[in-house]
2 protein chains.
Amino acid sequence: MNLGVDAGYENAVLRRLDAARRLSEASVAAIRAAVREKILKTGPGEDLVCEGDRAEKIRFLLSGWACRYKMLEDGRRQIVGFILPGNICDPFIYLLSMTDHSIGTLTQVVYSELERPHFERLVATDATIAEALYCETLAEVSIQREWTINLGRRDALERVAHVICELFERLSVVGLVDGNSFAFPMTQTDLADASGLSTVHLNRTLQELRSSGLITLRDRNLTINDFQALSAAAMFNPNYLHLNRK
Amino acid sequence: MNLGVDAGYENAVLRRLDAARRLSEASVAAIRAAVREKILKTGPGEDLVCEGDRAEKIRFLLSGWACRYKMLEDGRRQIVGFILPGNICDPFIYLLSMTDHSIGTLTQVVYSELERPHFERLVATDATIAEALYCETLAEVSIQREWTINLGRRDALERVAHVICELFERLSVVGLVDGNSFAFPMTQTDLADASGLSTVHLNRTLQELRSSGLITLRDRNLTINDFQALSAAAMFNPNYLHLNRK
DNA sequence: CGTTTAGTTGACCGTGCTCAAGGGGCGTGG
DNA sequence: CCACGCCCCTTGAGCACGGTCAACTAAACG
């Protein structure tokens, strides 16, 4: 794949899909056209999808961060995953009757929205595209399994370190990492809800990570000072992200 | 779908897929034939798949219980999901390079194994089959998300109650529930690893569920005495299982 | 300049873990 | 037939990780 001079918001999507399956020039053009059809923008803290909505549209995240989350009746919130630039939200989701969770923005977000017929037309253009989309879903299950073990069997420090390692790897693929640093726009409340911790304990855990020199977090910018050490502390193994082409 | 007189191990699979998409007679016949191609049997405590294996075969669980699990380096185990009769393990998984978790049997298990070409032929017979298989994957992500919130934001009693409610609903679909009772072949160690608890604390939690009259667990048989109350205690909402046809 | 939001700190407490020991059922071998 | 070992379950005691409540600071914003 060659992104060429025709750079735009959709490049993150192309990089993600091309990481799953080698895309032909024709496929790249088809994806570009589909993504450009309807581009939307939202502020931070908005819901793109609410639990219980009918599942209809496919969304491509072009810039900014979003998250999937669920709430319990009594207000407890769990962020169950991050949606980063290049991610495609729920290919083929219209096969189910309704959504089982919500999607909220963590920052200002630019995304593309495809209605079902549009999406189906895109899928039909090329078998590689369909396969790359299926890979996106398979990787998503895999990530979700890793989150399950993260919350079930890792302690606070390991959990937070693991979340950070995952973000680093996923952002790398789409070129959003600068050396060992990347923009980290989340609040501590968000990170706590992703780690299954209280904000108070998350704060202390972050301080532990900082004071041990593993990370530097300042002005919404996170630097991993020693990725090896952080990985080891988190028992992080990037295989579950399935970022490599088969 | 009419299962007819041609009853066999594959009926659980047919019931599951038919719950996702209405299957034609031809589709039913094609699935039956595919499943019967290669049927295998294993004892309890065996691994069908090991983390790191190449992903090649698609498996249909016909009878018995299995689980997906991951281990941390230091031996901590987390069961990240159950595989019950009628479940299909990872349709299209061969699109990825390797498996990210292991699959182990909890009981004696009968399953069918399809090589990639066989599986692809089955998928090609009918668009409904492909859609039903995709639904299986989409439901799996959804279940995995619910497990994430279960471990991240529910306390011990709620977690265990939730796992039990899920098993009840999933077993119902394939006709493995008798009134409010079902065979419950897991050990407490398994259930602890699924709930993210220690065996000691799981044991005490189970006793709490028993003494409060919510469940009866005896001789590997579990009875839910008051499903409404158990649901409420778990904050269980079956939507995430996507058991209903669209 | 007042209000809101994010981050930080202290004190206390409770859920759930660890370690350790013991009981019951069952299969195996002497 | 009994002895032994193994697996699964159960119970007790002590402790620690992480939660809760509350107060305070700093930055951002109108």
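A, B, ... follow the sequence lines: proteins, then strands. Residue 1 opens every chain.
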Is the B:H162 ring parallel, tilted or perpendicular to the B:Y240 ring (thresholds 30°, 60°)?
-> parallel
Which of parallel (below 30°), tilted (30 to 60°) and perpendicular (above 60°) describes A:F184 and A:W65?
-> perpendicular
Give the angle between the helix axes at the two ends of the helix from C:dC1-D:dG30 to C:dG30-D:dC1, taking five base pairs at each end and rounding to 10°.
-> 30°
How would you list all residue pairs meeting salt bridge (Lys or Arg N to Asp or Glu O under 4.0 Å) that involve residues 57-71 of chain B, not counting sequence neighbours?
-> A:E146-B:K70, B:K57-B:E113, B:R59-B:E113, B:R68-B:D90, B:R68-B:E140
Does [N] have OP1 or OP2 under 4.0 Å away from a side-chain N or O of [X]?
X      : N      : value
B:Q207 : D:dT11 : yes
B:N203 : D:dT10 : yes
A:Q188 : C:dT5  : no
A:R210 : C:dT8  : yes

Measure from [atom1] on [X] to [atom2] on [N] and round the result to the nearest Å.
X      : N      : atom1 : atom2 : value
A:L206 : C:dT9  : CG    : P     : 12 Å
B:L217 : D:dC9  : CG    : P     : 8 Å
A:D193 : C:dA6  : CG    : C1'   : 14 Å
A:F184 : C:dA6  : CZ    : C1'   : 14 Å
B:L151 : C:dG16 : CG    : C1'   : 14 Å
B:D219 : D:dC8  : CG    : C1'   : 14 Å

Heavy-atom pair of closest approach, residues [X] and [Y]:
X      : Y      : result
B:L106 : B:P44  : O-CB, 3.9 Å
B:I83  : B:L61  : O-CD2, 3.1 Å
A:E46  : A:G43  : CG-O, 3.3 Å
B:A139 : B:L241 : CB-O, 4.0 Å

In Å, rounded to the nearest 0.5 Å, how long is the span from CZ of B:R170 to CZ of B:F182?
-> 11.5 Å
Side-chain donor or acceptor of A:N87 paired with backbone N/O of A:L84 under 3.5 Å | yes
Just by protein heavy atoms under 4.0 Å, how would nucleotides 13-30 of chain D read 5' to 3' in B, S and -?
-> B----BSBB---------
